[in-house]
Every structure is written in structure tokens, then in C-alpha cells.
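Single-structure report; data block below.
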Amino acid sequence: MNFKTVIAFSTGIAILLIAFSGCGESVPKDEEIAAVTRQIAGDFMEEMKNELTTALSDTVAGTVGAINVCSEKAPEISARYSSLPGVTVKRTSKRLRNPNNAPDEYEARILDTLESRPAFASQDHYEWEIMGDQKSFRYVSAIKVGSPCLKCHGNPEKMEEEVKEAIAAKYENDQATGFGLDEFRGLLSVTLEWPEGKAVYDSIKAGL
Ligand code: HEC
């Protein structure tokens with residue numbers, strides 16, 4: 001092999017290597033990952049809504065009974081979604097009922113932005129967060145107050161006495177009352193670690 005052939009040969013190998021490594025690690029477009037996290041968020045919200053609607057329609061247990069559903073089912077559903085490899089799903093807010101739902105740094109930043117720019121809440125948001133060698137796709141969408149929510153998050157003067165007592169007994173520093181209809185209540189937050197969450201991404205993407 002003369003010098004020129006060696007150069008041409010090694011350039012060829014280098015191009016092949018780059019092409020193959022590119023294949024193995026190619027990250028989908030942000031919009032594609034957002035569509036998957038949006039699906040996860042939608043499924044989660046639907047499940048929460050169904051649990052709540054069922055609980056609130058139980059006339060024997062009433063709203064007080066539904067508090068247990070919220071305090072037990074909500075963390076349970078979050079934990080189930082978050083057991084998917086590379087996935088974390090949670091609800092968070094600036095005015096918390098359960099301190100375990102406190103925002104992390106990214107969520108706190110979005111909550112601050114929402115406070116100063118309410119229009120920001122009309123759409124969902126996503127971006128990559130890089131922490132050391134950990135890369136995560138962060139997706140959030142706004143949670144708004146609907147009329148059934150007011151029973152437990154509305155004006156305390158209009159809430160049932162037993163409901164207020166039951167909430168106070170469970171959550172000693174509750175800040176999550178006094179919301180009005182359609183008001184911004186908090187965020188639904190989905191984190192997809194990459195590449196840990198790739199298998200989940202692939203299987204949801206295939207069904208979209
Ligand atoms: C029956 C009472 C009840 C109703 C109705 C209710 N919630 Fe809640 N909510 C709770 C309880 C209890 C918690 C604390 C759950 C926990 O321990 O994680 C909570 C927590 C939350 C949180 C998590 C943040 C935090 O403050 O801890 C959000 C967000 C939320 N509720 C939104 C809503 C929305 C939106 C609705 C209406 C669709 C609603 N809730 C209806 C009782 C209720």
C-alpha cells in the first residue's frame with residue numbers, strides 16, 4: 001500500500017466507524033420524545049381522573065373517603081409509572097399539600113416562569129437537562145383546577161367541615177386550598193433519562 005492508499009483506506013474506516021456509532025446512539029428529535037412523554041402524561045392524568053371520579057361518586061365514603069384515595073392512590077400511581085426504567089412521573093406545585101411532592105430545580109424554574117407569565121401554562125414544555133454525565137429529557141404540562149377539585153382545594157369557607165378536618169389531620173402544613181376554577185394548580189412532570197429510558201420510548205413510540 002502506498003501512502004495515498006493508506007490515507008484513503010483509513011479515512012474510509014473512520015467514516016464507517018462514525019456512521020455506525022451514529023446509528024447506535026442516535027437520539028430521536030425532541031418533538032418525537034415530547035410526543036412520547038406527552039402520552040405518558042396523558043395516561044397518568046386519565047388514570048388519576050378515573051380514580052378521583054370513582055371515589056367522589058361513592059356517596060357513602062363521600063369526599064372524606066376520596067381524600068384517602070388521593071393520599072394513597074396518587075403516590076401509588078406515580079410510583080408505578082416511575083418503576084418503568086429511566087422514567088419518573090410526578091405532580092408538583094408551589095402550594096403543596098404533601099411536601100413529598102416538592103419541585104426539583106427544573107420544576108421550580110418552570111413554576112417561577114408560570115407565575116410571571118401565566119400564558120406559559122397554556123402549552124407544555126420540554127428541554128434536555130444535563131447533570132454530569134446524566135442526560136434527561138424533561139417534560140411538564142400545567143394542571144388546572146376543575147370544579148370537582150374545589151371540594152378539596154377550593155375556598156376553605158366553602159369546603160365541608162369534615163373535609164377540612166380530614167385534610168388538616170393528614171397534612172399539617174397544607175397550602176393547597178384557596179384555588180379558583182381554572183386556576184393553575186401545578187405541574188405534571190415526566191422525566192425520561194437517556195439512554196436508560198430508550199426501551200420505554202421505543203415501545204410507546206411504536207404504539208403512537
Ligand atoms: C377528595 C379530595 C381531593 C380532590 C377532590 C382533589 N384533590 Fe388534589 N390532593 C388531595 C390530596 C389529599 C393530595 C395530597 C396527595 C399526596 O399525599 O400525594 C392532593 C394533591 C394534589 C396535587 C399534588 C401537589 C400537592 O399539593 O401535594 C395536585 C397537583 C392536585 N392535588 C391537583 C388536584 C386537581 C387538579 C384536582 C381536580 C381534578 C384535585 N387535586 C382534586 C385531595 C384532593
Side-chain angles (χ1 to χ4, degrees), residues 37-84 87-115 118-126 138-191:
T37 48
R38 193 175 289 125
Q39 177 74 34
I40 297 174
D43 287 353
F44 177 95
M45 286 306 275
E46 197 178 318
E47 214 175 307
M48 281 295 301
K49 199 175 142 204
N50 289 343
E51 288 288 353
L52 191 64
T53 312
T54 313
L56 288 173
S57 63
D58 180 339
T59 46
V60 180
T63 311
V64 173
I67 293 172
N68 293 331
V69 173
C70 284
S71 60
E72 282 157 30
K73 287 282 177 184
E76 192 185 298
I77 298 173
S78 288
R80 177 153 43 76
Y81 277 72
S82 303
S83 69
L84 297 169
V87 178
T88 309
V89 181
K90 68 183 259 204
R91 295 186 305 166
T92 188
S93 177
K94 271 211 158 177
R95 282 157 62 186
L96 288 167
R97 177 150 293 166
N98 185 340
N100 292 341
N101 298 326
D104 67 16
E105 219 173 285
Y106 170 74
E107 291 154 349
R109 182 157 56 78
I110 298 282
L111 287 166
D112 281 344
T113 311
L114 280 161
E115 225 169 38
F120 200 72
S122 61
Q123 68 210 66
D124 48 15
H125 295 276
Y126 47 84
R138 305 292 312 253
Y139 169 93
V140 290
S141 63
I143 301 176
K144 292 222 168 163
V145 175
S147 52
C149 320
L150 297 174
K151 290 185 168 161
C152 301
H153 294 295
N155 180 347
E157 280 165 27
K158 293 187 183 153
M159 283 166 59
E160 286 173 43
E161 216 40 60
E162 313 85 83
V163 171
K164 280 196 278 187
E165 280 166 20
I167 290 173
K170 255 190 185 336
Y171 304 95
E172 57 183 32
N173 189 21
D174 179 34
Q175 295 164 30
T177 57
F179 286 95
L181 195 60
D182 283 337
E183 205 179 319
F184 172 70
R185 167 72 180 91
L187 292 175
L188 183 73
S189 168
V190 179
T191 305

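In listed order, ligands and their atoms are each counted from 1.
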- For Phe120 and His125, which heavy atoms make the closest approach, and how far apart are they? O-NE2, 2.9 Å
- Task: Please name the pair of heavy atoms, one in Ile110 and one in Leu187, separated by the smallest distance, quoted to 0.1 Å.
- Result: CG2-CD1, 3.9 Å
- Purely on distance, is any nitrogen or oxygen of Ser93 under 3.5 Å from one on ligand 1? no
- If you measure from atom 30 (C) of ligand 1 to every heavy atom of Lys151, Arg91, Gln175, Met159, which option wins on shortest distance? Arg91
- Considering only non-hydrogen protein atoms, determine which one is nearest to atom 18 (O) of ligand 1 and report residue, atom name and distance to 0.1 Å. Asn101 ND2, 3.2 Å
- Item | contact_flag Lys144 ligand 1 heavy-atom lt 4.0 Å | yes
- Query: For Lys73, does the NZ atom have more than 12 heavy-atom neighbours from other residues, nucleotides or ligands under 6.0 Å away?
  - Reply: no
- Message: So if I count the atoms of ligand 1 from 1 in the order they appear, which ones are less than 4.0 Å from some heavy atom of Ala66?
- Response: 1 (C)
- Message: With heavy-atom distances below 4.0 Å as the criterion, list the atoms of ligand 1 near Tyr171.
- Response: 12 (C), 14 (C), 15 (C), 16 (C), 17 (O)
- Contact with ligand 1 for Arg95, non-hydrogen, under 4.0 angstrom: yes
- Message: Please report whether ligand 1 has a polar contact with Asn98, defined as an N or O pair separated by less than 3.5 Å (distance criterion only).
- Response: yes
- Message: Could you check whether Glu107 and Thr92, counting side-chain N and O atoms only, form a donor-acceptor pair closer than 3.5 Å?
- Response: no
- Item | Check ion pair Lys144-Asp182 (N to O, under 4.0 angstrom) | no
- Message: Within ligand 1, which atoms have a heavy atom of Ile143 less than 4.0 Å away?
- Response: 29 (C), 35 (C)
- Is Gly146 near ligand 1, meaning one of its heavy atoms is under 4.0 Å from it? no
- Task: Please work out whether any backbone atom (N, CA, C, O) or any side-chain heavy atom from C-beta onward of Pro148 is under 4.0 Å from ligand 1, and answer side chain, backbone, both or neither.
- Result: backbone
- Item | 2.8 Å shell around atom 8 (Fe) of ligand 1, exclusive bound, protein N/O/S atoms | 1
- If we number the atoms of ligand 1 from 1 as shown, the ones under 4.0 Å from a heavy atom of Leu96 are 25 (C), 26 (O)
